[in-house]
J.: 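Submitted below is the structure of interest, expressed as structure tokens.
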Amino acid sequence: MALLGLGYAGFGSANLEDWRQFGTGLVGLQAVERGNSLLAFRMDDRKQRIVIDRAMGEGARFFGWEVADSAALDALAARLEAAGVHVAAEPQALADARRVRSLISFHDPAGNRLEAFYGAEIDETPFVPGRSISGFRTGPLGLGHAVLTVENIDPMMAFYIDVLGFGLSDYISKPFRAYFFHVNARHHSLALIETGRNGMHHLMVELFSLDDVGQCYDIALTQEDRVSVTLGRHTNDFMTSFYAKTPSSFMIECGWGGREIDPATWQPVEMHDGPSLWGHERVWLPPEDRTVAREMRLRAAASGLRAPVQVMEGNYKLMSGTCAWWDGVRGKS
């Protein structure tokens, strides 16, 4: 697989100070000064992972997908061009601004700006979180995951799978249509939700401790209208999380306990038990869809559905035992 993971993401916003307070005081990111019009955030040893740029304009965004080296970058560019996708070799000035060695840019069918790069710069100083947390789970799994709203999933899915080489993890059709894609052992680095319009839904960051998430949730509850999705657990990646409104028009999901998969053997399935095992009341859904989602969670509770027990062994490896619900998720009898 040419892409290694989601390396960085950037968003346009004039609310730099609001973003600083949100990123450091709630999420726990480290703010890094980048001049008067740009604010960067660290979450590990890399010089930056998330960028907020006043010059881009509200709603603008880009996503940086990492490849191994210059040969992989050239091969990806050739693959894109063979598929009729326009590719721009970006100047060194932009690579320097992104804190990488080299990058190209292109767009997906919905117009999202995508960048592919190699050679991310490592900071000489240790990561210092904005509040007291144990840190973020990144490394070979990448920054986290991005979820986009789309007018039509089908052309987007063809682009990400057939052209970029993403693997389909699983999908749901109720209470909304959503597809989840992987490029490494993280269950999904990208998801698409069909809403009838193209936009940014949320960015997920995964913390090392469930207590980090719980304390983040407590902070969010003290801020009016900050919580967009209540604390809950997902059925597919087993993430325990909540979603907070950012100073822009999308959310950040703060989670813990995400599932790892083996991309070489993984078989995608349709998830029939909804997006969440419990919790995750989505305040942004229409009332009728919230009712459907709540009924699905209550059915899950009535039938005793459970995620498999996980243990913390560096990468949250799943225990060797299985359970009936796990077998059902994987499509086994």
Side-chain angles (χ1 to χ4, degrees), residues 6-66 86-108 110-131 136 138 142-149 198-205 220 223 225-226 228 244-254:
L6 179 61
Y8 58 78
F11 306 96
S13 176
N15 301 321
L16 297 189
E17 187 54 38
D18 290 345
W19 261 104
R20 179 193 302 277
Q21 295 178 17
F22 173 84
T24 59
L26 193 148
V27 182
L29 303 168
Q30 178 182 353
V32 181
E33 296 294 342
R34 293 280 190 261
N36 294 328
S37 67
L38 192 148
L39 175 65
F41 291 108
R42 290 181 61 190
M43 54 193 301
D44 55 15
D45 61 349
R46 296 198 176 182
K47 286 194 173 180
Q48 62 187 35
R49 286 285 195 176
I50 301 172
V51 173
I52 309 299
D53 190 346
R54 188 197 310 271
M56 286 173 51
E58 192 69 40
R61 55 190 175 271
F62 60 83
F63 304 96
W65 294 96
E66 187 168 8
H86 174 71
V87 178
E90 295 294 349
Q92 189 59 45
L94 183 60
D96 292 342
R98 297 286 194 260
R99 296 324 195 247
V100 301
R101 185 169 298 178
S102 182
L103 76 153
I104 61 173
S105 67
F106 50 98
H107 292 81
D108 68 18
N112 293 291
R113 178 182 169 92
L114 308 181
E115 299 175 357
F117 73 93
Y118 76 95
E121 294 182 11
I122 304 301
D123 203 302
E124 296 178 354
T125 61
F127 166 66
V128 180
R131 65 178 182 87
F136 296 94
T138 56
L143 182 163
H145 70 234
V147 177
L148 305 173
T149 62
N198 298 319
M200 179 70 192
H201 188 270
H202 75 265
L203 185 73
M204 188 282 297
V205 296
Q223 302 175 10
D225 295 327
R226 181 65 73 191
S228 293
K245 289 182 182 178
T246 71
S248 297
S249 57
F250 65 94
M251 300 174 288
I252 281 188
E253 178 185 6
C254 297

J.: Is there a side-chain contact between Met204 and Val147 in this structure, where contact means two heavy atoms from C-beta onward sitting under 4.5 Å apart?
T.: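 When only atoms from C-beta onward are counted, Val147 and Met204 do not touch, as no gap falls below 4.5 Å.
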
J.: Would you confirm whether Thr149, through its side chain, and Gly199, through its main-chain N or O, come within 3.5 Å as a donor-acceptor pair?
T.: yes

J.: If you measure from CG on Asp18 to CD1 on Ile52, what distance do you get to the nearest 0.5 Å?
T.: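 Those atoms lie 11.5 Å apart.
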
J.: In chain order, what residues pass the ring-ring contact (aromatic ring centres under 6.0 Å, His included) check against Phe106, with sequence neighbours excluded?
T.: none

J.: Nearest 0.5 Å, please: how far is CG in Leu6 from CG in Leu114?
T.: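 One gets 10.0 Å once the value is rounded to the nearest 0.5 Å.
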
J.: Over all heavy atoms of both residues, which pair between Ala9 and Leu203 is shortest? Give the atoms and the distance, please.
T.: CB-CD1, 4.4 Å

J.: Looking at side-chain heavy atoms only, is the closest gap between Ile50 and Leu143 below 4.5 Å?
T.: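 Sidechains of Leu143 and Ile50: in contact.
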
J.: Is the shortest heavy-atom distance from the side chain of Leu29 to the side chain of Phe22 under 4.5 Å?
T.: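 No, too far: nothing below the 4.5 Å cut-off.
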
J.: Could you tell me the separation between the CE atom of Met200 and the OG atom of Ser249, rounded to the nearest 0.5 Å?
T.: 9.5 Å

J.: Using side-chain heavy atoms (C-beta onward) and a distance below 4.5 Å, is Arg49 in contact with Val205?
T.: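 The answer is no; the side chains never approach within 4.5 Å.
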
J.: Check for a donor-acceptor pair, side chain of Arg46 on one end and backbone N or O of Asp123 on the other, with a separation under 3.5 Å.
T.: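 Between the backbone of Asp123 and the side chain of Arg46 there is no qualifying donor-acceptor contact (under 3.5 Å).
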
J.: Are the side chains of Arg98 and Glu115 in contact, using a 4.5 Å heavy-atom criterion?
T.: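 Glu115 vs Arg98: side chains touch.
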
J.: Do any N or O atoms from the side chain of Arg54 and from the backbone of Asn36 form a donor-acceptor pair under 3.5 angstrom?
T.: yes

J.: Apply side chain to side chain contact (heavy atoms under 4.5 Å, CB included) to residues Phe117 and Leu94 and explain how you reach the verdict.
T.: CA-CA 11 Å; Phe117 73 93; Leu94 183 60; over 6 Å; no

J.: Do Arg61 and Phe250 come close enough that some side-chain heavy atom pair is under 4.5 Å?
T.: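 Arg61 vs Phe250: side chains apart.
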
J.: Using the side chain to side chain contact (heavy atoms under 4.5 Å, CB included) rule, take Phe41 and Val32 through it: C-alpha gap first, then chi angles, then the decisive distance, then the call.
T.: CA-CA 6 Å; Phe41 291 108; Val32 181; over 6 Å; no

J.: Around Arg101, counting heavy atoms of other residues, nucleotides and ligands shown, do more than 12 lie under 6.0 Å from its CZ?
T.: no

J.: Looking at every heavy atom in both Gly28 and Arg131, which two are closest together, and how far apart are they?
T.: CA-CG, 3.9 Å

J.: What closest approach, in Å, do Arg113 and Ser105 show between heavy atoms, and which atom pair accounts for it?
T.: NH2-CB, 3.5 Å

J.: So which atom in Ile104 and which in Ala89 form the shortest heavy-atom distance, rounded to 0.1 Å?
T.: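 Minimum heavy-atom separation between Ile104 and Ala89: CG2-CA, 4.3 Å.
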
J.: With a 4.5 Å heavy-atom cut-off, do Asp108 and Leu148 have their side chains touching?
T.: yes

J.: If every non-hydrogen atom of Leu16 is compared with every non-hydrogen atom of Ser37, which pair is closest and at what distance?
T.: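 Closest heavy-atom pair between Leu16 and Ser37: CD1-C, 3.8 Å.
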
J.: To the closest 0.5 Å, what do you measure between CD (Gln30) and CE (Met43)?
T.: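 One gets 12.0 Å once the value is rounded to the nearest 0.5 Å.
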
J.: A quick test of your reading: do over 12 heavy atoms of other residues, nucleotides or ligands sit less than 6.0 Å from CD of Glu17?
T.: yes

J.: For Ala95 and Leu103, which heavy atoms make the closest approach, and how far apart are they?
T.: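 Shortest heavy-atom separation between Ala95 and Leu103 comes out as CA-CD2, 3.4 Å.
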
J.: With rounding to the nearest 0.5 Å, note down the distance linking CG in Asn112 to CZ in Phe63.
T.: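 Answer rounded to 0.5 Å: 6.0 Å.
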
J.: I'd like to check Trp19 versus Thr246 (side-chain heavy atoms, cut-off strictly below 4.5 Å). Are they in contact?
T.: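 Touching, per the 4.5 Å side-chain cut-off.
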
J.: Pair Tyr8, Val51 - check side chain to side chain contact (heavy atoms under 4.5 Å, CB included), show working.
T.: CA-CA 8 Å; Tyr8 58 78; Val51 173; over 6 Å; no

J.: With sequence neighbours excluded, tell me which residues meet side chain to side chain donor-acceptor pair (under 3.5 Å) with Lys47.
T.: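 Scan of Lys47 (side chain to side chain donor-acceptor pair (under 3.5 Å), adjacent residues dropped) gives Glu121.
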
J.: Please determine whether a side-chain nitrogen of the Lys or Arg among Lys245 and Asp225 lies less than 4.0 Å from a carboxylate oxygen of the Asp or Glu.
T.: no

